[in-house]
Amino acid sequence: GAVVSQHPSWVICKSGTSVKIECRSLDFQATTMFWYRQFPKQSLMLMATSNEGSKATYEQGVEKDKFLINHASLTLSTLTVTSAHPEDSSFYICSARPVGGHGELFFGEGSRLTVL
Amino acid sequence: GDSVTQMEGPVTLSEEAFLTINCTYTATGYPSLFWYVQYPGEGLQLLLKATKADDKGSNKGFEATYRKETTSFHLEKGSVQVSDSAVYFCALSYPEEKLTFGTGTRLTIIP
């Protein structure tokens, strides 16, 4: 089956630093990738839609200057949390839609960010 | 807008019990419906899906039928195992549109 890989799987950083999370589709191409944030015991909250070769589309209430998204190729999207603060600590998950798919998404294993 | 309502958890069952996790949706058209599962420490995995009314999705002993008349997509399994312990998410999407998730239902199976 289709595989999506996220890196790093967990990261601890100091407040005020920036952290980059990568999302790769390993065996398929994806013009569209999605970034979610999951709070404990809650559902996934869509943060933004990442489109290859163009600017990401952010959901209402998500700061685009804080959560920088880059989708430079058909197999890679990155999320950079800039000037991280403890409230940014969360589980970040990406997903990718294969080209020619029918609404089906494949998810990465998630990246747990802890900001001290 | 579109939305998904899931049975609130947590749900705790004994091994070999029958499982039902309710899911209903509201949508202006005819979406595709999905169940995703998230095992501890892992990302979401697609469990099953149905793309039109009366379709039945099935995988790993789980089943769900797309019921347009009741706007439901309930997840069922006849005999659960400890390894089925996970969080289950119901979701919908239109083709080319983003997924809308329910809040998730945490399932714990005890031996």
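Keep in mind that this is a model prediction, so the values were computed, not measured. The chains referred to below are lettered A, B, ... by the order of the sequence lines, with proteins before strands, and numbering in each begins at 1.
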Inset, instruction - Ignoring hydrogens and angles, state whether a donor on the side chain of Q29(A) or E52(A) is under 3.5 Å from an acceptor on the partner side chain. - result: no

Legend entry - Heavy-atom contact with chain A under 4.5 Å, split by part of F101(B): both

Legend entry - Ring centroid separation F34(B) to F89(B) under 6.0 Å: no

Inset, instruction - Using the rule that two of Ile, Leu, Val, Met, Phe, Trp, Tyr join whenever any of their side-chain heavy atoms come within less than 4.5 Å, decide whether L79(A) and M33(A) are in one cluster. - result: no

Legend entry - Proximal component of L46(B), with respect to chain A [non-hydrogen, under 4.5 Å]: side chain

Inset, instruction - Please flag which part of Q45(B) lies under 4.5 Å from any non-hydrogen atom of chain A: side chain, backbone, both or neither. - result: neither

Inset, instruction - Measure from the ring center of F91(A) to the ring center of Y36(A) and say whether it is less than 6.0 Å. - result: no

